[in-house]
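As the structure is a computational prediction, the values presented were derived from the model and not from experiment. Each chain gets a letter, A, B and so on, in the order its sequence line appears, and its residues count up from 1.
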2 protein chains.
Amino acid sequence: MGDTLTERSRQILEAIIEDYIKTAEPVGSRSVTRRHGLTLSPATVRNVMSDLEELGFLASPHTSAGRVPTDKAFRFYVDSLLQVRSIDEEQRDEIRRHYRGQGHDVGEILKETSRILSSISHYIGIVVAPRFTANVFRQIEFVKLCGSRILAILVSESGVVQNRIVESNEGIPSEDLVRMSNYLNNLLKGLTISEVKNRILQEMESDKVRYDELMSRALKLSELTLDEPDAEVFIEGQVNILEQPEFADVDKMKEIFRAFEEKGQLITLLDRCMDAERVNIFIGAENFLNRMNRLSVITAPYASGRNTLGVLGVIGPTRMGYDRVIPIVDYTARMLSELLGSG
Amino acid sequence: MGDTLTERSRQILEAIIEDYIKTAEPVGSRSVTRRHGLTLSPATVRNVMSDLEELGFLASPHTSAGRVPTDKAFRFYVDSLLQVRSIDEEQRDEIRRHYRGQGHDVGEILKETSRILSSISHYIGIVVAPRFTANVFRQIEFVKLCGSRILAILVSESGVVQNRIVESNEGIPSEDLVRMSNYLNNLLKGLTISEVKNRILQEMESDKVRYDELMSRALKLSELTLDEPDAEVFIEGQVNILEQPEFADVDKMKEIFRAFEEKGQLITLLDRCMDAERVNIFIGAENFLNRMNRLSVITAPYASGRNTLGVLGVIGPTRMGYDRVIPIVDYTARMLSELLGSG
DNA sequence: GTTAGCACTCTGAACCTTCGAGTGCTAACC
DNA sequence: GGTTAGCACTCGAAGGTTCAGAGTGCTAAC
């Protein structure tokens with residue numbers, strides 16, 4: 001459908017988009033001829049631009065103010081015009097360098113990743129922590145705290161840890177706790193967490209458990225532990241967006257920051273990219289968060305082995321430098337996979 | 001020194017401060033007489049205001065624009081004029097309600113706490129996660145991940161968990177890992193984390209360890225695990241600050257958000273309140289973060305038993321409603337202590 | 001010591017003008 | 001028929017002017 005465009009229209013559209021990405025300002029017919037080596041007069045360009053507006057690729061803020069690419073134009077640009085470069089040597093090294101200094105706490109790594117994404121892209125970096133459900137069970141441990149509190153620690157294959165304090169009304173002796181975790185570790189070894197949940201329900205119904213109090217307690221405890229908290233998101237570099245001229249307005253800024261406070265929506269958006277092969281792009285209003293209708297999101301999943309763990313990405317203005325940012329997101333995702341994966 | 005003020009000056013100063021807290025605008029002599037039941041003419045008030053300016057309690061943005069309380073005035077207000085109310089029934093219930101719905105993951109609780117602080121105060125809620133060093137060692141566990149990776153999990157008395165992945169060049173069999181953790185758990189039981197560190201160094205020097213490879217490996221592993229990452233801070237409700245009229249200016253907003261990006265500075269500030277008995281207040285420039293010179297911070301430590309774990313607080317504009325926020329911070333700190341403490 | 005009166009200052013809003021960039025249309029050109 | 005020059009027109013941004021309102025400081029009277 002977009003392919004009804006002639007070669008010349010495409011060139012002009014591309015020129016406009018690139019100009020707009022650079023300047024954040026409506027592009028006029030003259031600047032297109034000037035900045036680009038086109039041997040056309042402004043008048044001709046104007047005609048073409050008028051057609052492009054008709055087709056929904058351009059919009060004019062008001063009659064005398066040049067034109068601005070629409071979401072549709074950016075979509076077309078990303079799909080058909082954009083040549084994704086491979087990542088800059090320099091940027092690659094920078095990413096590497098950031099990771100090198102890192103300790104090995106998983107949470108820290110994720111946070112650092114969002115920092116990397118933000119500082120190299122100059123936009124907002126975002127990382128959704130691995131969902132437990134997508135993971136393979138490795139081990140469960142119970143630690144007795146004071147009184148009747150028990151700390152349950154759940155470890156997945158990739159080293160993600162989830163811990164919570166559970167209250168058990170009766171005190172359970174430490175030896176029993178050890179036995180309980182042995183029992184569970186045996187029972188659940190190698191299952192994915194979602195399988196684990198079913199398995200626990202099954203097991204609770206079985207006769208051998210129904211009459212063994214220790215086992216049934218163990219199952220109950222593990223059930224409590226598994227009940228997953230909201231996914232964690234690391235967002236870094238929100239200030240960067242304030243540098244963008246199109247948000248130099250108090251109300252728009254508020255709007256954006258409010259959107260970021262509701263992390264739930266963000267998570268839903270990013271979750272949808274879990275199954276994507278590689279890089280995924282949402283342009284402007286495509287992301288369905290109407291508060292973010294001037295922002296675009298570039299995401300990529302990260303994995304451990306063949307197991308997708310989570311999603312990371314960059315949020316920037318719709319007019320961001322896609323050619324520059326896409327490889328950054330892609331490469332960072334691969335690095336993170338490597339770090340968390342079965343190296 | 002501030003006590004050279006006459007009773008009347010104090011009343012007027014208080015009126016001005018309260019007016020300014022309400023309106024965020026310079027206060028003129030007429031509004032003082034009008035809003036307050038003072039039986040004085042504006043002219044008299046003007047004289048007093050002039051004196052107060054001389055003393056450094058008031059400042060005038062320009063000749064014809066009323067006066068604004070200085071940091072010094074707010075300090076005086078908080079120290080001498082303010083009657084801290086006890087917490088609102090309603091707010092107390094609201095805090096309780098928030099906690100009730102909560103799971104028991106420690107991280108989640110802390111995050112929810114900062115959310116509570118923010119949503120009830122309408123300012124910014126902030127919670128510094130417990131530093132490990134301030135904690136009592138409870139248990140260490142090693143979990144074998146794929147390859148040569150080992151996940152080390154460190155648990156403190158209060159249920160705070162720290163985990164990190166350590167790389168050991170030689171594969172260690174699981175049984176050995178269990179033995180190692182038994183050895184360490186025994187060795188380190190009941191010590192605070194800072195004592196633990198010394199103990200490990202001592203032990204590494206001792207003869208019995210020097211020739212036992214298992215033990216010495218165990219110690220090395222534990223050393224790696226203990227090396228503490230940066231303290232974690234939970235900040236919530238940054239948008240609230242944008243509602244404040246005095247920050248309805250793009251540059252000031254940027255300034256503030258930048259200050260929040262550098263969490264290190266915030267942590268240093270809050271760390272200084274660890275030893276405070278109860279509520280602590282930094283007004284305006286007193287917080288030494290010059291980027292935050294129009295903000296005030298109200299903090300309170302939270303504890304488990306007699307052991308101070310961390311600090312939480314509220315950041316708001318210097319003209320915030322101290323009488324309303326102080327009890328909120330205080331009460332929340334006590335609730336959190338209760339939740340984490342040895343109930 | 002307190003107050004009324006008054007001249008003075010400063011800001012912010014409203015309004016106007018001007019300038020420049022850009023458009024769309026028409027008519028001429030290749 | 002596509003391309004271009006020319007021209008009238010539109011709109012917003014920037015700067016200047018005016019005006020009203022709020023507030024001050026001073027002086028003189030109470």
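Summarising the geometry of B:Val27 relative to B:Val32, their closest heavy-atom pair is CG1-CG2, 3.8 Å, with the distance given to 0.1 Å. Here the closest heavy-atom approach between residue A:Glu261 and residue B:Gln238 is recorded as OE2-N, 3.3 Å. Contact detail for A:Ser296 and A:Tyr322: the closest heavy-atom pair is OG-OH, 2.9 Å.
Here the nucleotide nearest the side chain of A:His62, chosen from D:dG12, C:dT2, C:dG24, is D:dG12. Counting only heavy atoms from C-beta on, A:Thr44 has its side chain closest to D:dT4 among C:dT2, D:dT24, D:dT4.
Heavy atoms of B:Ser29 sit under 4.0 angstrom from primed sugar atoms or phosphate atoms, though from no base atom. Using a 4.0 Å heavy-atom distance criterion, B:Arg30 is classed as making no nucleic acid contact.
Using N1 to N3 plus N6-O4 or O6-N4 for Watson-Crick, or N1-O2 and O6-N3 for G-U wobble, each under 3.5 Å, D:dA29 pairs with C:dT2. Base-pair partner of D:dA20: C:dT11 (Watson-Crick or G-U wobble, both distances under 3.5 Å).
Place B:Ala43 and A:Met49 on DNA chain C by their nearest nucleotides, and B:Ala43 ends up nearer the 5' end.
Atom CD1 in B:Ile16 sits about 9 Å away from atom P in D:dT24, given to the nearest Å.
Contact annotation: side chain of B:Thr63 to base of C:dT9, donor-acceptor pair absent below 3.5 Å.
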